[in-house]
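Index from 1, following the sequence.
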Amino acid sequence: MGFDPWDAAFVADPYPAYRELREQGRAMWWEATGQWLVPHYADVSALLRDRRLGRTYLHRFSHEEFGRQAPPPEHEPFHVLNGNGLLDLEDPAHARVRRLVAKAFTPRTVERLVPAVRRLAGELVGRLRADGGGDLLTVVAEPLPVAVIAELLGVPEADRGLLRPWSADICGMFELRPDEETARRAVRASVEFSAYLRGLIAERRSRPGEDLISGLIAAHDEEGRLSEQEMISTCVLLLNAGHEATVNTTVNGWWALFRNPAQLAALRESHDPEKLSTAVDELMRYDTPLQMFERWVLDDIRIGDTVIPRGAEVALLFGSANRDPARFEDPDALDLGRADNPHLTFGAGIHYCLGAPLARRELEASFGALLADGVPPLRLVEEPRWRDGYVIRGLEELLVEF
C-alpha cells in the first residue's frame with residue numbers, strides 16, 4: 001500500500017507507506033495535490049527552520065506573482081481569520097504578534113491554570129467511572145482542552161458548547177482537497193466565531209479580568225498593540241490547535257497503550273510524574289496527531305539531488321519524521337522510557353507551538369487521572385475506527401470500561 005491519504009487503510013496505519021517513501025528518496029513529487037513529499041526527520045527538521053519556506057507567500061508576492069490562484073471571494077472570512085493567526089503569519093508580522101501574545105500567554109499563566117486542569121481531569125474521569133466506562137473521546141479527551149481554553153480565554157460556561165463545533169468546522173479546511181461543503185461550514189464557523197469573540201473583546205475592554213483576552217488587550221510595546229483581528233485569530237488558533245492536537249494525542253495515545261500492555265502496566269505502576277511526562281512525549285512521537293505540515297517555497301531550495309523551485313509547495317511529513325530510524329532507535333516500538341526524544345509534534349523554528357507547555361500539562365493531567373491510585377485499569381471494549389481525514393488524524397471514538 002502506498003501513500004494515499006484518502007484510503008481508510010492508509011489512515012489507520014500510514015507507517016509502512018512512510019517507510020517506503022523514506023527508502024525512495026528525500027523529496028518525491030506527488031501529483032494528486034501537486035506537492036513535494038518530504039519524509040525524513042533531518043530534512044523536515046531543517047526545513048521547519050528554513051526561511052526560504054513560508055506558511056504564506058503573501059508577505060512577499062501577490063497570488064499572480066507566485067503563480068497561484070487567489071481563493072474564491074466567498075471563502076474570504078476563513079482566510080482572513082486563518083491568515084492573521086500566528087501559525088500562518090511570517091516575519092516581520094509573526095515576530096510582532098508572537099512577542100505581544102507571549103506577554104499575555106506567559107509561563108505564569110500556564111502554571112496558574114494547572115490546579116484547574118488537574119481538577120477538571122479528575123472530575124471527567126470521575127464521570128467516566130460513575131458510568132462504568134464509555135467513550136473516552138467524548139467524556140474525557142474532548143471536554144478537557146475545550147474547558148481549559150475557555151477558562152484561559154474567559155469564555156462563560158454557558159457559551160462553551162459553541163466552541164467545539166466551530167473548531168471542528170474550521171479545521172476541516174486543513175485537510176487535503178477540502179470540498180465545497182467543507183468550505184461552506186468553515187466560512188460559516190469563521191463568521192460566527194469571529195462575531196462571538198468580537199463581542200467578548202468589547203466586554204473585556206470595558207471590564208478587564210484575569211483572562212487571556214484581557215491580557216491581549218493590555219499587551220503593547222513600542223510597535224503598538226494587537227489589532228482586533230489579530231486578537232480574534234489568536235484566540236481561534238489557541239482553541240483549534242490546542243483542542244484538536246490534545247484530543248487526538250489522548251485517544252491515539254490510549255489506543256497505542258492498549259496495543260502495548262506491558263508498557264501500560266509499567267506506566268501504571270510507576271506513579272512518577274517525570275516518567276509520566278516522558279511517556280506523554282513518547283505517545284506524541286509514536287502517533288502524532290498532525291501528520292502533515294505544508295509550506296510554500298519562497299526561494300529555490302535543494303533537498304538531496306532535487307531542486308524545488310519557488311512557487312512549489314512541500315508537505316513535511318511529521319508522522320514519517322517521528323518514525324525515522326536515522327533519528328530514533330527502534331522507531332516503530334513504543335518505548336515510554338525513551339529519553340532521547342526530540343520529536344517534531346510541536347513543530348520547530350519560529351512556528352514552534354506557543355501552547356506546547358499547556359498541552360503537556362493537559363495531557364499529563366488526563367493520563368495521570370486515568371492512571372491514578374484507586375482508579376481501576378481501563379479495558380478496551382472494541383477496536384476503534386479512524387475518522388475521515390489524514391492531516392489531523394484521530395479516532396472516531398474510543399469505547400472503554402473499567
>> With a 6.0 Å cut-off on the ring centroids, do His59 and His94 count as close?
In response: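 When the ring centroids of His59 and His94 are compared, they turn out to be at least 6.0 Å apart.
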
> Using the benzene-type ring in the case of Trp, are the ring centres of Phe318 and His343 under 6.0 Å apart?
Replying inline: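 No, the ring of Phe318 stays outside the 6.0 Å limit from the ring of His343, centre to centre.
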
Salt bridge check, [Y] against [X]: does any charged N sit closer than 4.0 Å to a carboxylate O?
| X | Y | value |
| --- | --- | --- |
| Asp43 | Arg22 | no |
| Glu230 | Arg96 | yes |
| Glu203 | Arg207 | yes |
| Glu313 | Arg295 | no |
| Glu396 | Arg385 | yes |
| Arg52 | Asp299 | no |
| Arg185 | Asp179 | no |
| Arg361 | Glu111 | yes |
| Arg387 | Glu397 | no |
| Arg393 | Asp287 | yes |

With distance as the sole criterion, is a donor-acceptor pair present between the side chains of [X] and [Y] under 3.5 Å?
| X | Y | answer |
| --- | --- | --- |
| Ser233 | Gln229 | yes |
| Thr249 | Thr246 | no |
| Thr33 | Gln35 | yes |
| Asn322 | Tyr286 | no |
| Arg49 | Ser45 | yes |
| Thr56 | Glu90 | no |
| Thr345 | Arg285 | no |

Which atoms form the tightest heavy-atom contact between [X] and [Y], and what is the distance?
| X | Y | result |
| --- | --- | --- |
| Leu144 | Leu120 | CD1-CB, 3.7 Å |
| Val44 | Val38 | CG2-O, 3.4 Å |
| Thr250 | Ser366 | CG2-OG, 3.8 Å |
| Leu163 | Ala150 | CD1-CB, 3.9 Å |
| Leu162 | Pro165 | O-CD, 3.4 Å |
| Ala219 | Lys103 | CB-CB, 4.2 Å |

> Are Arg360 and Ser277 close enough, and set up right, to give a side chain to side chain donor-acceptor pair (under 3.5 Å), and what steps lead you there?
Replying inline: CA-CA 8 Å; Arg360 280 197 167 96; Ser277 177; 5.5 Å; no

> Is any side-chain heavy atom of Leu152 closer than 4.5 Å to a side-chain heavy atom of Phe105?
Replying inline: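 Yes - at least one pair of side-chain heavy atoms lies under 4.5 Å apart.
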
> Does any non-hydrogen side-chain atom of Leu283 lie less than 4.5 Å from one of Leu257?
Replying inline: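 The answer is yes; the side chains approach within 4.5 Å.
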
> Arg55 and Leu89: side chain to side chain contact (heavy atoms under 4.5 Å, CB included), yes or no, with the steps?
Replying inline: CA-CA 7 Å; Arg55 281 291 292 173; Leu89 286 173; over 6 Å; no

Specify whether [X] and [Y] have parallel, tilted or perpendicular ring planes, treating 30° as the upper limit for parallel and 60° as the lower limit for perpendicular.
| X | Y | answer |
| --- | --- | --- |
| Tyr15 | Tyr18 | perpendicular |
| Phe66 | Trp296 | perpendicular |
| Tyr390 | Phe10 | tilted |
| Trp30 | Trp6 | parallel |

> For Phe293 and His351, what are the C-alpha separation, side-chain angles and deciding distance, and is it a ring-ring contact (aromatic ring centres under 6.0 Å, His included)?
Replying inline: CA-CA 11 Å; Phe293 196 65; His351 289 106; 7.0 Å; no

>> Does Arg259 qualify as a cation-pi partner of Trp255, given the criterion of NZ or CZ under 6.0 Å from the six-membered ring centre and within 45 degrees of its axis?
In response: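 The answer is yes, since Arg259 meets both limits relative to Trp255.
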
>> Could you work out, with salt bridge (charged side-chain N to carboxylate O under 4.0 Å, His left out) as the rule, every residue matching Glu123, not counting sequence neighbours?
In response: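 Scan of Glu123 (salt bridge (charged side-chain N to carboxylate O under 4.0 Å, His left out), adjacent residues dropped) gives Arg119.
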
>> The test is side chain to side chain contact (heavy atoms under 4.5 Å, CB included); show your working for Leu113 and Glu151 and say whether it passes.
In response: CA-CA 8 Å; Leu113 282 168; Glu151 187 76 21; 4.0 Å; yes

> Of all residues at least two apart in sequence or in a different chain, which pass the side-chain contact (heavy atoms from CB on, under 4.5 Å) check with Pro261?
Replying inline: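 Pro261 satisfies side-chain contact (heavy atoms from CB on, under 4.5 Å) with no residue once adjacent residues are dropped.
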
> Please walk me through it: do Asp281 and Thr278 pass side chain to side chain donor-acceptor pair (under 3.5 Å)?
Replying inline: CA-CA 5 Å; Asp281 264 314; Thr278 300; over 6 Å; no

Pairs of donor and acceptor atoms involving the side chains of residues 71-82, under 3.5 Å and at least two apart or interchain, shall be tabulated with distances.
from, atom 1, to, atom 2, distance (Å)
His75, NE2, Glu180, OE2, 3.1
Asn82, ND2, Asp88, OD2, 3.4

